Each structure stands twice: as structure tokens, then as C-alpha cells.
Amino acid sequence: MSKLITTIQGDMWDNVAKRVWGTEKMMHILIAANPSYRHILVFPAGISLVIPDIDIEPISAPPPWRR
């Protein structure tokens, strides 16, 4: 079941995704769930965004070149 989140002044897609899911790499899912706002880069306060339920796999070990 999806939920709603209300933006604060200055929110952007990546920091909303980071706040909700812990990673900004999921912002494409957030944009797809809110197509009427995809033209907005920096949100004003008070916009309600749909936050879809997703399964986030835990981050495992760093890639080999970072070990």
C-alpha cells in the first residue's frame, strides 16, 4: 500500500527518496509514481507525493575495486 509524503521548501527528488528509502538511487521510482510533478526540480512546500511500497535489498559488501 502506498503512502503520501508532503514536501518541504527546497526538497528535490533525490533527497525525498533518500529520506523515505535511505538511498537517492530510487528516485526514478518516485518520479514514475508522480508523473504530474516530473517537471519540478525543486519543490515548494506542501506538495503531496505518492510513495510506492518497494522492496529494498540491504546493501552488501562494497564492490571489489573498493575493498
Side-chain angles (χ1 to χ4, degrees):
M1 178 173 201
S2 346
K3 61 180 180 176
L4 293 176
I5 190 170
T6 303
T7 61
I8 56 174
Q9 178 68 39
D11 269 346
M12 297 189 317
W13 291 108
D14 58 343
N15 67 335
V16 172
K18 174 92 174 168
R19 184 170 56 216
V20 172
W21 294 310
T23 179
E24 65 278 355
K25 293 180 181 181
M26 301 299 203
M27 71 180 216
H28 66 281
I29 297 170
L30 190 57
I31 294 169
N34 297 279
S36 60
Y37 297 115
R38 77 175 25 185
H39 66 282
I40 297 177
L41 298 176
V42 179
F43 286 98
I47 301 290
S48 292
L49 297 176
V50 174
I51 307 298
D53 289 332
I54 61 171
D55 290 329
I56 299 176
E57 294 183 24
I59 298 172
S60 59
W65 63 88
R66 291 205 168 167
R67 292 183 200 164

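For this chain, numbers begin at 1 and follow the sequence in order. Not measured: the values here are computed from a predicted model.
Results of the side-chain contact (heavy atoms from CB on, under 4.5 Å) test with Ile5 over Ile47, Leu30, Ile51 single out Ile51 as the only residue that passes.
Each salt bridge (charged side-chain N to carboxylate O under 4.0 Å, His left out) pair with one or both residues in residues 17-37, not counting sequence neighbours, appears once here: Asp11-Arg19. Applying the ring pair (Phe, Tyr, Trp, His ring centres under 6.0 Å) test to pairs two or more places apart or on separate chains, those with a residue in residues 34-56 are Trp13-Phe43.
The side-chain hydrogen bond (donor to acceptor under 3.5 Å, both in side chains) test applied to Asp14 returns no partner, not counting sequence neighbours. Among residues two or more places apart in sequence or in another chain, the side-chain contact (heavy atoms from CB on, under 4.5 Å) test is passed with Ile29 by Trp21, Met26, Pro52, Ile54. Contacts of Arg38 classified as salt bridge (charged side-chain N to carboxylate O under 4.0 Å, His left out), with partners at least two apart in sequence or in another chain: none.
Nearest heavy-atom pair, Ala32 versus Pro35, reported as atom, atom and distance to 0.1 Å: O-CD, 3.6 Å. Across all non-hydrogen atoms, the minimal contact from Pro44 to Gln9 is CA-OE1, 3.6 Å.
Here the side chain of Thr6 pairs no donor or acceptor atom with the backbone of Ala45 at under 3.5 angstrom.
The structure places CD1 of Ile40 at 8.0 Å from CG of Leu49, a figure rounded to the nearest 0.5 Å.
Grouping Ile, Leu, Val, Met, Phe, Trp and Tyr residues whose side-chain heavy atoms lie under 4.5 Å apart, directly or via other members, places Val50 in a hydrophobic cluster with Leu4.
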